[in-house]
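The next block holds one structure in the form of C-alpha cells; read it before the comments.
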Amino acid sequence: MVFERKFKRDKKDEVLSSRHLAFSVDFMRLEDGWYVALTPDWFFSYGDDYRRSFYGDKLLSGLKRMEKNRSVYDQFRFLASWLEDVDSQDLFSDQKAPGPTLSFASPLKLSGGRALDEKLWEPLQVDEPDALQERFGTL
C-alpha cells in the first residue's frame with residue numbers, strides 16, 4: 001500500500017490522517033559510477049492539505065516495530081520498479097539539458113552473502129498473562 005486515508009468517525013467526510021509511502025536517498029560514487037541507495041520510509045499527514053502529523057513519529061515507530069525485513073524489501077522493490085518505469089517514460093524529456101542526466105536501472109544484485117532464515121531472527125512470542133497462569137499456576 002502506498003497511500004491510506006482514514007476518516008473521522010463522527011464526521012465521515014473529514015480526513016483524520018493519511019499514511020504515505022516515502023523514501024530517502026543517498027548518492028554514492030563507487031569506482032567510475034554514481035549509485036543511489038533507496039531507504040523506504042513513511043510520512044504521516046492530516047487534513048485535506050496533507051499537513052505533517054504531530055503524531056507522525058509515534059505512528060512511524062509503531063509501524064516500524066511491526067514491519068519485517070520482507071515488507072521493507074517489498075517496498076524497496078516497488079520503489080525501484082517505479083523509478084525504472086518513470087525513467088523509461090523519459091523523466092527529463094522537457095528539460096533537454098546538455099549536461100549530465102539522471103537515469104535509473106535495475107537494482108544491483110550483490111552476491112557472496114549467505115541467506116539467513118528470517119524466522120530465526122524474529123522475536124519470540126510472549127504468552128499472555130492468562131496463558132502463563134494456566135501453564136505455571138499463580139506465583
Side-chain angles (χ1 to χ4, degrees):
M1 179 180 313
V2 293
F3 178 77
E4 179 181 29
R5 178 177 280 169
K6 293 184 180 181
F7 294 90
K8 295 180 180 179
R9 287 185 184 164
D10 54 341
K11 298 178 182 177
K12 303 276 186 201
D13 59 332
E14 288 187 28
V15 176
L16 174 65
S17 66
S18 298
R19 178 174 72 171
H20 317 252
L21 179 61
F23 63 97
S24 62
V25 297
D26 290 304
F27 291 94
M28 298 173 278
R29 184 159 175 87
L30 303 172
E31 295 182 3
D32 291 333
W34 283 94
Y35 297 87
V36 64
L38 298 176
T39 304
D41 204 352
W42 294 99
F43 174 75
F44 293 90
S45 66
Y46 71 97
D48 292 328
D49 54 353
Y50 307 111
R51 290 175 295 219
R52 184 180 189 89
S53 172
F54 300 113
Y55 305 104
D57 291 339
K58 287 184 181 186
L59 295 169
L60 180 61
S61 65
L63 185 60
K64 292 287 185 180
R65 279 193 299 275
M66 293 186 311
E67 284 183 333
K68 306 279 189 231
N69 285 340
R70 181 63 192 207
S71 61
V72 176
Y73 174 67
D74 289 342
Q75 293 165 10
F76 169 80
R77 284 185 23 223
F78 168 79
L79 292 168
S81 173
W82 175 71
L83 288 170
E84 262 189 285
D85 186 53
V86 167
D87 193 38
S88 70
Q89 297 173 23
D90 199 1
L91 183 63
F92 299 101
S93 63
D94 294 337
Q95 295 178 6
K96 302 284 186 199
T101 59
L102 181 64
S103 181
F104 298 99
S106 298
L108 293 178
K109 294 191 180 196
L110 303 176
S111 59
R114 292 181 47 193
L116 299 174
D117 184 359
E118 187 170 322
K119 292 179 183 169
L120 298 174
W121 294 92
E122 291 180 6
L124 297 174
Q125 295 295 327
V126 178
D127 287 336
E128 296 298 320
D130 293 341
L132 288 174
Q133 280 184 338
E134 286 177 20
R135 189 179 294 170
F136 298 110
T138 55
L139 301 174

Spell out, yes or no, whether [X] and [Y] are grouped together once hydrophobic residues are joined by side-chain heavy atoms under 4.5 Å, including indirect joins.
X     : Y     : value
Phe76 : Val36 : yes
Val72 : Phe3  : no
Leu59 : Met1  : no
Phe43 : Val2  : no
Leu79 : Val25 : yes

Exercise for review: Would you mind reporting whether Tyr46 and Leu16 have side-chain heavy atoms less than 4.5 Å apart?
Suggested key: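 Side chain of Leu16 against side chain of Tyr46, heavy atoms only: no contact under 4.5 Å found.
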
Report yes if some heavy atom in the side chain of Asp41 is under 4.5 Å from a heavy atom in the side chain of Leu60; otherwise report no.
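Yes. Closest side-chain heavy atoms under 4.5 Å.
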
Within this structure, what is the OH-CG distance for the pair Tyr35 and Asp26, rounded to the nearest 0.5 Å?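 The distance works out to 16.0 Å.
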
CZ (Arg29) and CH2 (Trp34) are apart, to the nearest 0.5 Å, by 6.0 Å

Exercise for review: Report the C-alpha distance between Ser106 and Glu84 in whole Å, list the side-chain angles of each, state the deciding distance to 0.1 Å, and finish with yes or no for side-chain contact (heavy atoms from CB on, under 4.5 Å).
Suggested key: CA-CA 7 Å; Ser106 298; Glu84 262 189 285; 3.1 Å; yes

Looking at every heavy atom in both [X] and [Y], which two are closest together, and how far apart are they?
X     : Y     : answer
Arg77 : Asp74 : NH1-OD1, 3.2 Å
Leu63 : Arg19 : CD1-NH1, 3.4 Å
Phe7  : Asp13 : CD2-C, 4.2 Å
Pro40 : Lys64 : O-NZ, 3.6 Å

Worksheet item: Would Phe78 and Leu21 satisfy side-chain contact (heavy atoms from CB on, under 4.5 Å), going step by step from the backbone distance to the final call?
Response: CA-CA 10 Å; Phe78 168 79; Leu21 179 61; 3.8 Å; yes

Taking Lys58's backbone N and O only, do any of them form a donor-acceptor pair with Ser61's side chain (distance below 3.5 Å, no angle check)?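 Checking the backbone N and O of Lys58 against the side chain of Ser61, a donor-acceptor pair under 3.5 Å is found.
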
Q: Please indicate whether Arg9 has more than 12 foreign heavy atoms, meaning atoms of other residues, nucleotides or ligands, lying under 6.0 Å from its CZ.
A: no

Around atom CG of Asp32, are there more than 12 heavy atoms from other residues, nucleotides or ligands closer than 6.0 Å?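 No, the 6.0 Å shell around CG holds no more than 12 heavy atoms from other groups.
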
Is it true that Asp49 and Arg51 make a salt bridge, defined as a side-chain N closer than 4.0 Å to a carboxylate O?
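A salt bridge links Asp49 with Arg51.
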
Under 6.0 Å between the ring centres of Phe44 and His20? no

### Task
May I have the step-by-step check of side-chain contact (heavy atoms from CB on, under 4.5 Å) for Arg5 and Ser18, ending in yes or no?
CA-CA 4 Å; Arg5 178 177 280 169; Ser18 298; 3.8 Å; yes

Quiz prompt | Glu4 and Trp42 side chains, donor-acceptor separation under 3.5 Å | solution =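 Trp42 vs Glu4: no donor-acceptor pair found between side chains.
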
